[in-house]
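Structure record follows, encoded as structure tokens.
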Amino acid sequence: MSNAIPPRGPGALGRREARLAWGLLLPTLAIVSAVVVLPLLAIFWISFKPVGLADLRPPAPVVRESLRGEGEDLRLQYRLRNSSRDVPITAVTMSDTVPPGLTIRQADDRCEVTGAEIFCNLGDLEAGGRDEIEILVSAQGDPDALGELAEASPPVLTGNAPNILTNAEFTLDNFARVFDGDEFWGVLGVTLFYATVGTIGALVVGLFAAMLLDRSFRGQGVLRGLYLFPYVAPVIAVAFTWVILFDPFSGSANALLIRMGLTDTAINFFGDRPLALIMVTLFEIWRYFPLSFLFILARMQSIPEDMYEAADMDGASPFQKFWYLSLPQLLGILSVLFLLRFIWTFNKFDDIFLLTGGNAGTRTLTVNVYEQAFAVSNIGAGAAVAVVIFGCLLLFSVFFFKLISREEGL
Amino acid sequence: MNRLRTGYVTAAVLGILWTFTMAVTVAIAMSFLTGAAFRPALVWSAVFGALAGVACLRGRAGAGIAATGLLVAGLLGLGPVQTDDVGALSRVLGQAIAAGATAAGLRAYLRDLPPHRLTRHEFEDAVIRFLTGFGYVFFTAIVAIPFYVMVMTSLKNQQQLVQNPLDFSIDLSRGWGLFDSYVELMTVFNFGSYLWTSFYVAVLTVVLTLAFSIPGAYAVARLRFRGAAVFSRSILLIYMVPMIVLALPIYIGYSMVGLRNSVLGIVLIYPVTTIPVALYMLQGYFRGLPAEVEEAGLMDGLSRLAVIWKITLPLSLPALASVSLYVFMIAWNEFLLAFMLLDDPSKFTLTRGIASLDSSEIPRQHLMAGSVIATLPIMAIFLGLERFMTRGLTAGSVKG
């Protein structure tokens with residue numbers, strides 16, 4: 001009798017199930033890694049490269065072909081140019097096919113001719129350099145039509161130019177530029193203010209709204225729907241509405257304040273230094289309080305009613321019930337919401353970009369990515385800022401996963 | 001402190017606060033409705049508010065007296081709402097609304113409140129009733145005003161806007177001329193095609209997202225395999241990655257491949273931003289479904305895929321509706337990628353189209369009309385299917 005041994009490792013069925021699971025996950029994994037992981041790696045790569053917006057198109061030889069002259073002097077002319085003004089191109093070659101109707105009489109001595117095929121070896125093309133090749137031909141037929149025919153088949157050009165994105169040139173300049181001077185700390189400070197105050201504000205306002213709606217009355221559904229509007233509407237629509245509402249010259253808010261006698265001159269809400277930051281933070285609170293109110297309301301409605309009844313029996317006053325009963329019950333969801341919203345506000349780009357464009361002391365890290373990459377045309381520096389943001393994100397998510405493990409079941 | 005907790009003091013303080021709240025509310029509302037000069041007055045609010053609060057302690061008759069007093073004072077120009085040069089009708093109307101709402105509110109807050117010493121309960125109940133009333137007014141105002149301004153600005157013309165930025169009354173004599181901005185957007189600015197592009201991009205995004213996330217969510221929720229826990233964590237992590245960080249390499253990659261400036265590129269990228277959210281939402285729902293039903297199906301000889309198709313999906317239709325709505329909303333509202341990747345006006349989505357209206361040469365009623373065009377469909381869908389939407393939001397919208 002052999003000894004019975006419990007099976008080790010997954011059995012055949014288990015393996016089949018795991019195979020199926022991976023099969024089902026494969027498309028998602030593939031597409032997510034293609035669009036999330038690859039770009040992230042690219043960002044790290046680019047952040048160490050001296051890349052500008054113009055370098056995205058690598059230097060290449062450019063050619064213009066035309067049929068010139070007439071009779072004995074009829075010739076195909078190729079004018080070449082290096083598209084880059086700073087980088088030379090090496091080993092430039094050109095190949096082309098002469099259309100039927102044209103016969104090659106004499107070619108440039110850098111070119112080889114086989115039948116109607118031309119192959120030219122042009123050597124190096126210096127930065128911003130030009131070159132010209134002429135091939136004498138004779139035409140059977142209308143030269144104009146033949147000329148158009150010749151131009152219709154563009155020659156094929158090859159050449160070696162160093163591509164800044166793929167070569168082995170690395171630099172730390174981008175990071176030096178990002179961390180250089182006071183600007184970075186200013187930007188970081190603005191980002192932290194925006195994220196902290198915006199998140200806490202949205203939570204507090206959302207808590208207030210949730211308490212208002214945590215009772216059943218007629219029209220509760222309508223009000224709940226209405227209070228969700230700021231979150232559901234497209235950000236671009238509401239952001240522009242705010243900009244127009246608070247316009248310093250023709251905005252209604254200024255007209256109202258002046259009429260009420262609260263201010264004599266128009267206030268530039270999105271243009272003055274401390275005020276603009278406060279306004280974008282208020283916008284953030286306004287736009288995202290619906291989210292926290294929805295979560296808090298859902299949690300509130302699941303607090304068992306008998307706890308409150310017991311508190312009533314013990315003579316607790318309404319504020320005491322809120323402070324000693326509701327709040328501790330809500331603490332879990334509040335802390336999860338805080339971290340999550342903090343991360344998201346930290347990452348927020350559209351809102352500030354649309355409201356102020358990052359001017360007047362509202363430039364956050366994310367807006368800085370855009371500024372560096374597109375406004376200053378320094379993609380490398382933009383990528384370096386993005387790497388800094390990603391580092392912060394990793395730091396936050398460590399806290400987040402510690403918390404969510406404790407608070408499982410959001 | 002406890003000495004001050006008497007009916008009179010509470011009534012007077014709440015009276016001042018509520019009267020001033022109402023004065024500000026009525027002044028703003030009437031200004032926005034008529035364009036005339038309504039002003040709240042702090043000092044008069046304090047004087048009459050305290051009196052009205054105390055009066056409202058005296059039952060219904062007291063409230064009546066308070067309302068009448070406020071109305072008379074207001075019409076004499078001494079009330080909480082100041083009306084300088086305002087038409088007679090809107091003046092009387094405004095004062096009447098202010099007086100009525102103030103008295104009715106105070107009456108409700110101070111109901112059953114004894115004039116002298118209050119217990120902690122009575123005091124806190126009154127304060128909470130006041131805070132509730134204040135909350136409704138406050139939230140309704142902050143939510144409604146921007147949308148009101150958006151709609152009304154889009155119905156004006158340049159001249160009216162410059163003349164009085166406060167005047168949001170509608171000039172009905174213009175008839176269809178009210179919708180000039182919309183007509184111009186549709187005809188000159190090609191907004192019809194933007195609407196269509198946005199719509200089919202959003203629908204394609206929903207379809208692709210579901211196609212990818214349903215199998216993924218099912219695998220994470222139901223099947224046992226090594227790494228399931230890690231996987232469901234990393235989904236959450238992925239949708240915390242800021243879009244701008246990804247947008248930069250995507251822009252570079254697309255520039256090189258030639259997908260930039262094409263709707264195809266947009267349709268390829270949108271689902272990826274929504275798949276993690278959808279997967280997270282759906283796996284939560286699949287976990288809640290009873291596994292027994294599916295096991296019965298397996299026993300009867302269905303394959304796993306047939307079980308998903310014939311049992312799980314029909315059971316999770318409500319969740320699919322929520323997820324679809326939520327994904328549709330994200331795709332419809334998406335701005336950053338459309339802004340960075342699309343340059344050709346014939347391929348714009350709606351949000352990109354609105355961004356192109358933001359220039360000093362284009363009058364701002366057009367900008368607002370564009371905003372209304374983008375907001376209305378999503379609002380209509382949202383109000384019609386609010387139940388699904390709310391559930392969808394609470395299930396997965398940690399994303400903003």
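Worth saying up front: this structure is predicted, and the values here are computed from it rather than measured. Throughout, a chain's letter reflects where its sequence line sits, starting with A, and its residues are numbered from 1.
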Item to complete: Heavy-atom pairs under 4.5 Å with chain B are the metric here; pick the option from A/Ala253, A/Pro230, A/Ala34, A/Ala237 that has the most.
Response: A/Ala237
Worksheet entry | Structural part of B/Ile128 lying under 4.5 Å from a heavy atom of chain A | side chain
Worksheet entry | A/Arg299 side chain to A/Ile333 backbone, donor-acceptor under 3.5 Å | no
Worksheet item: Any idea how A/Trp286 and A/Phe283 line up, ring-wise: parallel (<30°), tilted (30 to 60°), or perpendicular (>60°)?
Response: tilted
Worksheet item: With distance as the sole test, does A/Asp351 use its side chain to make a donor-acceptor pair with the main-chain N or O of A/Val235 at under 3.5 Å?
Response: no
Worksheet item: Where on B/Ile269 is there a heavy atom nearer than 4.5 Å to chain A: the side chain, the backbone, both, or neither?
Response: side chain
Discussion item. Please classify the contact between A/Leu256 and chain B as side chain, backbone, both or neither, with a heavy-atom cut-off of under 4.5 Å.
Written reply: both
Practice prompt. Please look at A/Phe229 and chain B and tell me whether the side chain, the backbone, both or neither of the residue comes under 4.5 angstrom of a heavy atom of that chain.
Written response: both
Response to the item:
Cut-off 4.5 Å, heavy atoms of chain B, and the answer for A/Arg15 is neither
Practice prompt. Let me know if A/Leu297 has heavy atoms under 4.5 Å from chain B in its side chain, its backbone, both or neither.
Written response: neither
Discussion item. Check whether A/Tyr288 forms a cation-pi arrangement with A/Arg341 (NZ or CZ under 6.0 Å from the six-membered ring centre, at most 45° off the ring normal).
Written reply: yes
Fill in: Short side-chain to backbone donor-acceptor contact, B/Glu124 and A/Phe319, under 3.5 Å
yes
Practice prompt. Return the option, out of A/Ala21, A/Gly225, A/Ser317, with the maximum number of heavy-atom pairs under 4.5 Å with chain B.
Written response: A/Ser317
Worksheet item: Counting heavy-atom pairs under 4.5 Å to chain B, which of A/Trp22, A/Phe322, A/Trp242, A/Phe396 comes out on top?
Response: A/Trp22
Discussion item. Please classify the contact of A/Val205 with chain B as side chain, backbone, both or neither, using a heavy-atom distance under 4.5 Å.
Written reply: both
Practice prompt. With a 4.5 angstrom heavy-atom cut-off, could you sort out which part of A/Phe353 is near chain B: side chain, backbone, both or neither?
Written response: side chain
Discussion item. I need the residue from B/Val241, B/Ile308, B/Leu246 with the largest number of non-hydrogen atom pairs under 4.5 Å to chain A.
Written reply: B/Leu246
Item to complete: Assess whether side chain to side chain contact (heavy atoms under 4.5 Å, CB included) is satisfied between A/Val398 and A/Leu394, documenting all intermediate values.
Response: CA-CA 6 Å; A/Val398 170; A/Leu394 282 185; 5.8 Å; no
Item to complete: Can you tell which part of B/Thr140 gets under 4.5 Å to a heavy atom of chain A, answering side chain, backbone, both or neither?
Response: both
Worksheet entry | Region of B/Leu367 that comes under 4.5 Å of a non-hydrogen atom in chain A | side chain
Worksheet item: Is B/Arg287 atom CZ crowded by more than 12 heavy atoms from other residues, nucleotides or ligands, each under 6.0 Å away?
Response: yes
Worksheet item: Would you call B/Arg364-A/Asp247 a salt bridge at under 4.0 Å N-O?
Response: no
Response to the item:
Taking every heavy atom of A/Thr199 against every heavy atom of A/Thr345, the minimum-distance pair comes out as OG1-OG1, 3.5 Å
Worksheet entry | Toward chain A, the part of B/Leu350 with a non-hydrogen atom under 4.5 Å | neither
Worksheet item: Looking at B/Thr153, B/Ile142, B/Val149, which makes the most heavy-atom pairs under 4.5 Å with chain A?
Response: B/Ile142
Discussion item. Between B/Trp332, B/Tyr136, B/Tyr218, B/Phe335, who has the most heavy-atom pairs with chain A when the cutoff is under 4.5 Å?
Written reply: B/Tyr136
Response to the item:
Answer key: most heavy-atom pairs under 4.5 Å with chain B among A/Asp350, A/Val369, A/Ile244 is A/Ile244
Worksheet item: Contact part of A/Leu20 toward chain B, heavy-atom cut-off under 4.5 Å: side chain, backbone, both or neither?
Response: both
Worksheet, complete the sentence: Pair count under 4.5 Å, heavy atoms only, with chain A: among B/Phe139, B/Phe225, B/Phe212, highest is B/Phe139
Worksheet item: Backbone N or O of A/Ala202 within a donor-acceptor pair of the A/Ser292 side chain at under 3.5 Å?
Response: yes
Worksheet item: What part of B/Met150 lies closer than 4.5 angstrom to a heavy atom of chain A: side chain, backbone, both or neither?
Response: both
Discussion item. Quick check on the interface: out of B/Met340, B/Glu334, B/Met368, who has the most heavy-atom pairs with chain A under 4.5 Å?
Written reply: B/Met368
Worksheet, complete the sentence: For B/Ala278 and B/Ser213 the tightest heavy-atom approach is CB-OG, 3.6 Å
Worksheet item: To the nearest 0.5 Å, what is the distance between CG (A/Leu226) and CZ (B/Phe147)?
Response: 8.5 Å
Worksheet item: Measuring heavy-atom distances to chain A, does B/Ser31 have an atom under 4.5 Å in its side chain, in its backbone, in both, or in neither?
Response: side chain
Worksheet item: Which answer fits B/Val372, side chain, backbone, both or neither, if we ask what part of it has an atom under 4.5 Å from a heavy atom of chain A?
Response: neither
Worksheet item: Considering all heavy atoms of both residues, which atom of A/Glu17 and which atom of B/Arg304 are nearest to each other, and what is their separation?
Response: OE1-NH2, 4.1 Å
Worksheet item: Of the listed residues (A/Ala42, A/Ser252, A/Gly382), which shares the most heavy-atom pairs with chain B below a 4.5 Å separation?
Response: A/Ser252
Practice prompt. Just say parallel, tilted or perpendicular for the rings of A/Tyr370 and B/Phe339, cut-offs at 30° and 60°.
Written response: tilted
Worksheet item: Relative to chain A, which segment of B/Ala41 carries a heavy atom at a distance below 4.5 Å: side chain, backbone, both, or neither?
Response: neither
Worksheet entry | Top of A/Leu393, A/Leu223, A/Asn254, A/Val387 for chain B proximity - count of heavy-atom pairs under 4.5 angstrom | A/Leu393
Response to the item:
From the list B/Asp358, B/Ile214, B/Ile275, B/Val220, the residue making the most non-hydrogen contacts under 4.5 Å with chain A is B/Asp358
Practice prompt. Decide side chain to side chain contact (heavy atoms under 4.5 Å, CB included) for A/Leu337 and A/Ile296; before the verdict, give the C-alpha distance in whole Å, the side-chain angles of both, and the deciding distance to 0.1 Å.
Written response: CA-CA 9 Å; A/Leu337 265 179; A/Ile296 296 170; 4.1 Å; yes
Worksheet entry | Residue A/Leu354 versus chain B: region with a heavy atom under 4.5 Å | side chain
Worksheet item: Can you check whether B/Arg352 reaches B/Thr349 side chain to side chain, under 4.5 Å on heavy atoms?
Response: yes
Worksheet item: What class does the angle between the rings of A/Phe289 and A/Phe293 fall in, given that below 30° is parallel, 30 to 60° is tilted and above 60° is perpendicular?
Response: tilted
